[in-house]
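A short worksheet on the structure shown next.
Since the model is a prediction, treat every value here as computed from it, not as a measurement. Note: hydrogens, waters and symmetry copies are ignored here, and every other heavy atom, side chains too, is used.
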Amino acid sequence: MCITLSLSSKPCIGVCNGSLQSPKSMVTTARTEVITAPKRPNTFPGLTKQGISEIDLRVQEVVRRQSWTNSLVGDVNCRKPRFEPMFIDDAYDKCRNICAEYAKTFYLGTLLMTKERQKAIWAIYVWCRRTDELVDGPNAEYMSPAVLERWEERLQDIFEGRPYDMLDAALSDTVCNFPLDTKPFRDMIEGMRMDTRKSRYESFQELYHYCYYVAGTVGLMSVPVMGIAPESSVSAYTIYNAALYLGIGNQLTNILRDVGEDALRGRVYLPQDELAQFGLTDKDAFSRKVTDAWRDFMKEQIIRARSFFNLAEEGASQLDKDSRWPVWSSLMLYRKILDAIEDNDYDNLTKRAYVGRTKKLLTLPLAYTRALSKPSLYLR
C-alpha cells in the first residue's frame with residue numbers, strides 16, 4: 001500500500017532484495033471532528049478514547065524528542081560523519097532528482113524553501129520512498145521480516161553517522177542539521193511490517209493506526225525541517241497534530257483511490273464493520289461492480305477523508321513561510337483526487353482517480369496564495 005506524498009510503486013531506486021499552549025478544548029474538538037463523518041454522525045463507530053490516546057502519546061513523545069531545546073543536535077544524538085563536500089552535494093543531488101521524477105508537484109513546491117530545508121526534505125522523501133518499496137516495489141517478492149530488521153538496523157547506522165550508500169549519506173547529514181529523532185522513522189518501518197501481516201482492517205480504529213504508521217509519521221518527520229513560523233503562537237504539539245492529520249488524510253485518499261488495484265492483490269483497506277453497515281463485503285470490492293450501496297459507502301468515506309484535510313489546513317499556515325507552499329500543494333491536490341473519485345461516479349473499482357497535469361499546474365498558484373496567509377493567533 002503506497003504511503004503519502006504519492007510514494008506509489010515505481011522502479012526500484014536502490015533498495016533491492018530485500019510558543020503558547022492552545023486551550024485543551026480546541027485539541028479535543030479537533031479530535032472529535034475526525035472521529036465520524038459529519039453527515040451521518042452515528043454511521044461509523046469511529047475511534048475509541050484509548051485509540052486516540054495511544055497515537056497522542058506517540059505524537060507527544062516525538063514532539064519532545066524533536067524539540068530544539070531537548071535535542072542535542074550535533075552532540076549526543078548525532079554523530080556527524082565527515083563527508084567530502086563534493087560527495088555530500090552529489091548525494092543531495094541524487095535525492096533531488098528522485099523527488100523531481102516521482103513527486104513532481106511536491107518537488108516544485110520545495111523550490112521556495114531554503115537550500116538546507118530543500119535538501120533535508122528531499123533526503124527524507126527518498127528514505128520514505130525506499131522504505132515503501134521494500135513492500136510495494138519491484139523487489140517486494142523478496143520481502144521478509146529479516147529484510148525489515150536489517151532496514152531498521154541500517155536506519156540506526158544512518159543516525160549514528162554510518163551510512164551504507166550515498167542516499168543514506170544524505171539523510172545521515174540531514175539528521176545532524178535538524179532535530180530529527182528515529183521514532184517516526186522506526187514507526188514507519190513498523191507500518192511496513194503491518195502490511196506484510198495484515199490485509200484487512202476490522203474497524204476505522206485499526207485503519208487509523210495503520211495510517212499513522214505508514215503516513216502520519218511522514219508529517220512528524222517533516223515538521224522540524226519545515227520549521228514553525230516565529231510569529232505562530234500555538235503549541236508545537238498542535239502543529240504536529242495538524243501534520244499528522246495531513247498524512248492520515250493523504251493515506252485515506254490513497255486508499256480510496258486504489259481500492260480496485262489493492263483488491264487485485266487481495267488487499268482491502270476499508271473498515272470491515274463499516275462495509276457491513278451498507279450491506280457490503282470484501283466480495284463487492286473484488287466484483288469490480290459499482291452499486292448504489294457502494295456509492296453511498298464511498299460518499300461517507302470521502303467526507304471523513306476531507307475532515308482530516310480541514311484539520312490539517314489549520315496547521316499549514318503555522319509553518320515557516322518558506323515551507324508552506326509544498327504543504328498547501330499536497331493538501332489541495334489530494335483533495336482534488338477525492339473530487340475525481342466523485343467525478344468518476346464513485347467507481348474506484350475499475351477506474352483510478354487522478355489529477356491531470358493542467359489541473360495540477362492551475363492548483364500551484366492557488367496553493368502559493370494560501371501559503372502567503374499569516375498564522376492566526378489560535379486554531380479554530
field: Verdict with reasoning, Gln272 to Glu206, per side chain to side chain donor-acceptor pair (under 3.5 Å)
entry: CA-CA 10 Å; Gln272 296 289 305; Glu206 289 188 5; over 6 Å; no
- request: Would you sort out whether Gln251 and Asn254 count as a side chain to side chain contact (heavy atoms under 4.5 Å, CB included), showing the intermediate values?
  value: CA-CA 5 Å; Gln251 185 63 18; Asn254 286 339; 3.5 Å; yes
query: Could you walk me through whether Leu252 and Gln301 pass the side chain to side chain contact (heavy atoms under 4.5 Å, CB included) check?
result: CA-CA 8 Å; Leu252 290 175; Gln301 298 296 316; over 6 Å; no
- request: Begin from the C-alpha positions of Val214 and Met192 and carry the test side chain to side chain contact (heavy atoms under 4.5 Å, CB included) through to its verdict.
  value: CA-CA 7 Å; Val214 300; Met192 299 303 112; 3.7 Å; yes
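Interatomic distance, Ile248 CD1 to Thr217 OG1, rounded to the nearest 0.5 Å: 9.5 Å. The line from CZ of Phe185 to CG of Leu180 is 5.0 Å long, rounded to the nearest 0.5 Å. Between the OG atom of Ser323 and the CD1 atom of Ile228 there is a distance of 11.0 Å, given to the nearest 0.5 Å. Distance check: Ile337 CD1 to Ile302 CD1 gives 11.5 Å after rounding to the nearest 0.5 Å. Expressed to the nearest 0.5 Å, how far CH2 of Trp325 lies from CG of Leu372 amounts to 10.5 Å. Note that the CD1 atom of Ile341 and the CE atom of Met298 stand 7.5 Å from one another [nearest 0.5 Å].
Applying the salt bridge (Lys or Arg N to Asp or Glu O under 4.0 Å) test to every pair with at least one member in residues 317-329, sequence neighbours left out, gives these pairs: Arg117-Asp320, Glu231-Arg324.
For Arg200 and Asp282, the salt-bridge test passes: some basic side-chain N is under 4.0 Å from an acidic carboxylate O. Salt bridge status for Arg130 with Asp168: present, with a side-chain N to carboxylate O gap under 4.0 Å. Look at Arg96 and Asp93 and you find a salt bridge, because one of the NZ, NE, NH1 or NH2 atoms lies within 4.0 Å of a carboxylate O, short of that distance. Between Asp165 and Lys94, no side-chain nitrogen of the basic residue sits less than 4.0 Å from a carboxylate oxygen of the acidic one, so the salt-bridge criterion is not met. The pair Arg162-Asp157 meets the salt-bridge criterion, since a charged nitrogen lies less than 4.0 angstrom from a carboxylate oxygen. Using a 4.0 Å cut-off between charged nitrogen and carboxylate oxygen, Arg352 and Asp258 count as a salt-bridge pair. With respect to the salt-bridge test (charged N to carboxylate O, under 4.0 angstrom), the residues Arg58 and Glu190 do not qualify.
Remark: Asp343 pairs with no residue by the side-chain hydrogen bond (donor to acceptor under 3.5 Å, both in side chains) rule, at least two apart or across chains. Under the rule for a side-chain contact (heavy atoms from CB on, under 4.5 Å), the partners of Asp345 that lie at least two apart in sequence or sit in another chain are Arg295. Arg335 is linked by a side-chain contact (heavy atoms from CB on, under 4.5 Å) to Phe309, Asn310, Glu313, Leu331, counting only residues two or more places apart in sequence or in another chain. Partners of Glu152 by side-chain hydrogen bond (donor to acceptor under 3.5 Å, both in side chains), not counting sequence neighbours, listed by chain and number: Arg186, Arg193. Looking at residues two or more places apart in sequence or on another chain, you find a side-chain contact (heavy atoms from CB on, under 4.5 Å) between Arg357 and Leu361. Under the salt bridge (charged side-chain N to carboxylate O under 4.0 Å, His left out) criterion, Glu153 pairs with Arg150, not counting sequence neighbours. For Phe286, there are no ring pair (Phe, Tyr, Trp, His ring centres under 6.0 Å) partners, not counting sequence neighbours. By the side-chain contact (heavy atoms from CB on, under 4.5 Å) test, Lys351 pairs with Asn344, Asp347, sequence neighbours left out. With sequence neighbours excluded, no residue forms a ring pair (Phe, Tyr, Trp, His ring centres under 6.0 Å) with Tyr240. For Thr174, the side-chain hydrogen bond (donor to acceptor under 3.5 Å, both in side chains) test picks out Tyr92, with sequence neighbours left out.
Heavy-atom minimum distance, Leu349 versus Val259: CD2-CG1, 3.6 Å. The nearest pair of heavy atoms linking Thr110 to Pro326 is N-CB, 4.0 Å.
Arg265 has its side chain out of reach of Ser199: every pair of non-hydrogen atoms, C-beta onward, lies at least 4.5 Å apart. Residues Ile55 and Leu244 are in side-chain contact: their nearest non-hydrogen atoms beyond the backbone lie under 4.5 Å apart. Contact annotation: the side chain of Trp294 approaches that of Leu275 to within less than 4.5 Å [non-hydrogen atoms, C-beta and beyond]. A 4.5 Å side-chain heavy-atom check between Leu171 and Ile124 finds at least one atom pair inside the cut-off. Using a 4.5 Å cut-off on side-chain heavy atoms (C-beta onward), Trp151 and Leu155 make no contact. You'll find the side chain of Leu167 reaches within 4.5 Å of the side chain of Cys95, heavy atoms only. Here the side chains of Val62 and Asp181 are not in contact, with every heavy-atom distance at 4.5 Å or above. In this structure the side chain of Met188 reaches within 4.5 angstrom of the side chain of Met221, judged on heavy atoms.
Counting only distance, with no hydrogens or angles, the side chain of Thr369 and the backbone of Pro365 share a donor-acceptor pair below 3.5 Å. A donor-acceptor pair is defined here as one N or O able to donate and one able to accept, closer than 3.5 Å; such a pair exists between the side chain of Arg267 and the backbone of Asp195.
Remark: Tyr368 OH is loosely packed, at most 12 non-hydrogen atoms of other residues, nucleotides or ligands lying under 6.0 Å away. Around NZ of Lys198, the count of heavy atoms belonging to other residues, nucleotides or ligands within 6.0 Å exceeds 12.
Note on Trp328 and Leu364: separate hydrophobic clusters, where clusters join Ile, Leu, Val, Met, Phe, Trp and Tyr whose side-chain heavy atoms are under 4.5 Å apart, directly or indirectly. Hydrophobic clustering (side-chain heavy atoms under 4.5 Å, transitive across Ile, Leu, Val, Met, Phe, Trp, Tyr) groups Tyr237 together with Met226. Hydrophobic clustering (side-chain heavy atoms under 4.5 Å, transitive across Ile, Leu, Val, Met, Phe, Trp, Tyr) keeps Tyr107 apart from Tyr102. Under a hydrophobic-cluster definition in which Ile, Leu, Val, Met, Phe, Trp and Tyr are linked whenever side-chain heavy atoms come within less than 4.5 Å, directly or via other members, Leu207 and Leu280 are assigned to the same cluster. Put simply, Trp122 and Trp127 are part of two different groups of oily side chains (I, L, V, M, F, W, Y) that touch within less than 4.5 Å, one to the next.
By the 30° and 60° cut-offs, the orientation of the rings of Tyr125 relative to Phe106 is parallel.
Asp296 and Tyr346 share no side-chain donor-acceptor pair at under 3.5 Å.
Listed by chain and number, the hydrophobic cluster partners of Tyr354 come to none, as no ILVMFWY side chain reaches under 4.5 Å of it.
Because its NZ or CZ atom is both nearer than 6.0 Å to the ring centre of Phe204 and within 45° of the ring axis, Arg304 counts as a cation-pi partner of that residue.
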